[in-house]
Protein chains: 2
Amino acid sequence: MLGDTASQSILEVSLREVETPSSKLTRFGSDRPLKLDSGATLGPWQIAYETYGTLNAGKTNAVLICHALTGDQYVASTNPITGKPGWWNKMVGPGCPIDTNHYFVICANVLCGCLGTTGPANVNSTTGQPYGLTMPVVTIRDMVRAQAQLIDYLGIETLFMVAGGSMGGMQVLQWAASYPERVFAAVPIAAGARHSSQNIAFHEVGRQAIMADPDWNGGNYIAKGTRPTKGLAVARMAAHITYMSDESLHQKFGRNLQDRDNLTFGFDADFQIESYLRHQGMTFVDRFDANSYLYVTRAMDYFDLAAEFGGTLANAFKQTATRFCVMSFTSDWLFPTSESKAVVKALNAAAANVSFVEVETDRGHDAFLLDVPEMFSTIRGFVTGAAHARGIPAPGGAD
Amino acid sequence: MLGDTASQSILEVSLREVETPSSKLTRFGSDRPLKLDSGATLGPWQIAYETYGTLNAGKTNAVLICHALTGDQYVASTNPITGKPGWWNKMVGPGCPIDTNHYFVICANVLCGCLGTTGPANVNSTTGQPYGLTMPVVTIRDMVRAQAQLIDYLGIETLFMVAGGSMGGMQVLQWAASYPERVFAAVPIAAGARHSSQNIAFHEVGRQAIMADPDWNGGNYIAKGTRPTKGLAVARMAAHITYMSDESLHQKFGRNLQDRDNLTFGFDADFQIESYLRHQGMTFVDRFDANSYLYVTRAMDYFDLAAEFGGTLANAFKQTATRFCVMSFTSDWLFPTSESKAVVKALNAAAANVSFVEVETDRGHDAFLLDVPEMFSTIRGFVTGAAHARGIPAPGGAD
């Protein structure tokens, strides 16, 4: 059964009034509230982030990295909760395609994430209780608004680049649409300009699994001292399948049995894929808050950039001067290439400066997090070209 | 929330000692036990089935239809639990491709199904209690063994045809492999000779959702007077997504909102796809037993026909005289065409009489249950040809 392991819990961290270890934290008082798409206003609120490298004198070398659904701000440094290396430490770091010897990289925990930025597990200062479901539902645009307020606070006018995969890519597109003059270059990877019906369906299954867990307690589990670990683990298991391709599952696990020579004729994990999925579910609950999962999936479901611009996606990018590098993966069925192509089509219709790369890989959606050489070499080339165009000294200097 | 509706329950039916309304029921005493792949023996046991049409004097016109995971024996007549028409009533019936004016059609509830054939919700006559998890785990081959015992009981030596989709198609392949001399023609649709890693993964999510529901009570929910409706509904929701294609979800629902002009910024069903999935989950629990879901999904996971024959699928069909019509659907990602092609390749390697049709449709895996004209015309032609070959007067007589 799931969820019976409970080592250090992110909820415990949250209840300690979210001072995420080693993260920078900027608090905005009631005088700097965040206005949300729902009409609600959030304040006071806070945003947790990491930075890498040094901002140059002209403040022209800032790169914002946007993380995915269950990601975090530890893009290139150890996550203090899991002890794991930064989630994109082959992309961001000294000598990497996004070279922290040359660029000042910022990565913030998203709004309603659970690693320091205000979310449902945080205490609402007005009530003294965790927000729970009294937290307003937020959108991708709200996440980007929060980041923009941080960028203002850091005194940066224009970001050299905004980059991210999956939900991170949605934020990149939203940045380019909401603040075109503040984004010199944009790299949306394995993303799209809307969440599809199938994607909403998978998210809804996850949310229902969480809400079906009696330990969810109508969202008040922190106050009640319970944790909906089983529901959250099931949600993660379902989602995890969508991050891999049929082919990668076949190659990695096939029908291999788990530590046994024969079928057990029971309901234990006979197959390696079962054991792997259970492990994914069980470890996830130690690092992620169930209500955050509801809020962040909801933000993705609500994302439909064309709808913001009268139903025509090209209008989102009208007269944009941003240079785009759009990337998709052949075996990604969660955000298939067709979604990226729709973005590219709209960018072309807006006469944008856009390059598009479909990377051949069998790793599925999660390819953006993995060691895919073509992705790295493409981003390296794009970043170098964009740096030249902006007059920032680029690594190596040759290209 | 899910599962708060509970009209007439299949469990109530089960507890009334499973005398499924209007179904034929054959009981086998302890002297006719069913020997299972696990090594266990089941007996006494019973099998519930429906028949349509008339068996001819030579007993050469019998067609066995095998149903899918959550299917039933009501292939061409009203399901007494749901009140819905037969699940394949465009394929089987008077004037249909499998014409009940000419063929004697048998369809039996699978072993561990919950419509009359012995399964976990049934009372174990030895203990006087429902089997629950004391029911032995069964395989597709066990299901076919049970059917073969029924066919023996009906005095039929050779089936003119065995046909079915999805798990029904697995049974068709198993029939052809286990009893080649008893199958004149075989029609496996939207199936494969093994369950893939991705398919096992989705089933495991469903099982974990059920087992995470406290009302599952370790499988003893009947005795405890509870029903794991929420877990079962989540399992069904996850599975249902896999039965449709991305394209059909997009066409049917897209991002359309449910009875509302605007997003609600909450966790109710904003989108039609959410409402649809919740409905699928909620209605499913009224017709299906949670433990049956565990057992039947497990049987599918265990299916690997090649493994039974030393790892070479062609060996399953050595010197077969059966004529095969293998069919797949272009948009089926649960049992993609590649799985059917692997079967066809093995059949060709065994020099079998095989035709293969990949039907172009955007309806996904569930296409086999839907109104897909090319499927009907193909099956009609194949059945007529096979009838000629077997010397059964075929409908129309012209072909």
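Quick note on labels: first sequence line is chain A, next is B, and so on, each numbered from 1.
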Which atoms of A:T264 approach chain B - backbone, side chain, both or neither, heavy atom under 4.5 Å: both
Selection from B:Y302, B:F253, B:F271, B:F202 maximising heavy-atom pairs under 4.5 Å formed with chain A: B:Y302
Interchain contact, A:N256 with chain B, by part (heavy-atom threshold 4.5 Å): neither
Which atoms of A:N262 approach chain B - backbone, side chain, both or neither, heavy atom under 4.5 Å: neither
Region of A:H240 that comes under 4.5 Å of a non-hydrogen atom in chain B: neither
Parallel, tilted or perpendicular: ring planes of B:W333 versus A:W333, cut at 30 and 60 degrees: tilted
Nearest-0.5 Å distance, CE of residue A:M244 to OG of residue B:S197: 8.0 Å
Pairs of heavy atoms under 4.5 Å with chain B: top-ranked of A:L294, A:D37, A:L133, A:V205: A:V205
Side chain / backbone / both / neither for B:H203 at chain A, heavy atoms under 4.5 Å: neither
Contact leader toward chain A among B:T139, B:L263, B:I273, where contacts are heavy-atom pairs under 4.5 Å: B:L263
Under 4.5 Å from any heavy atom of chain B - which part of A:Y276: neither
Ionic contact status for B:R255 with A:D301, cut-off 4.0 Å: no
A:Q208, A:R298, A:E204 screened by side-chain contact (heavy atoms from CB on, under 4.5 Å) with B:F267, the one that passes: A:R298
Pick from B:N199, B:D246, B:L36 with the largest number of heavy-atom pairs that fall under 4.5 Å of chain A: B:D246
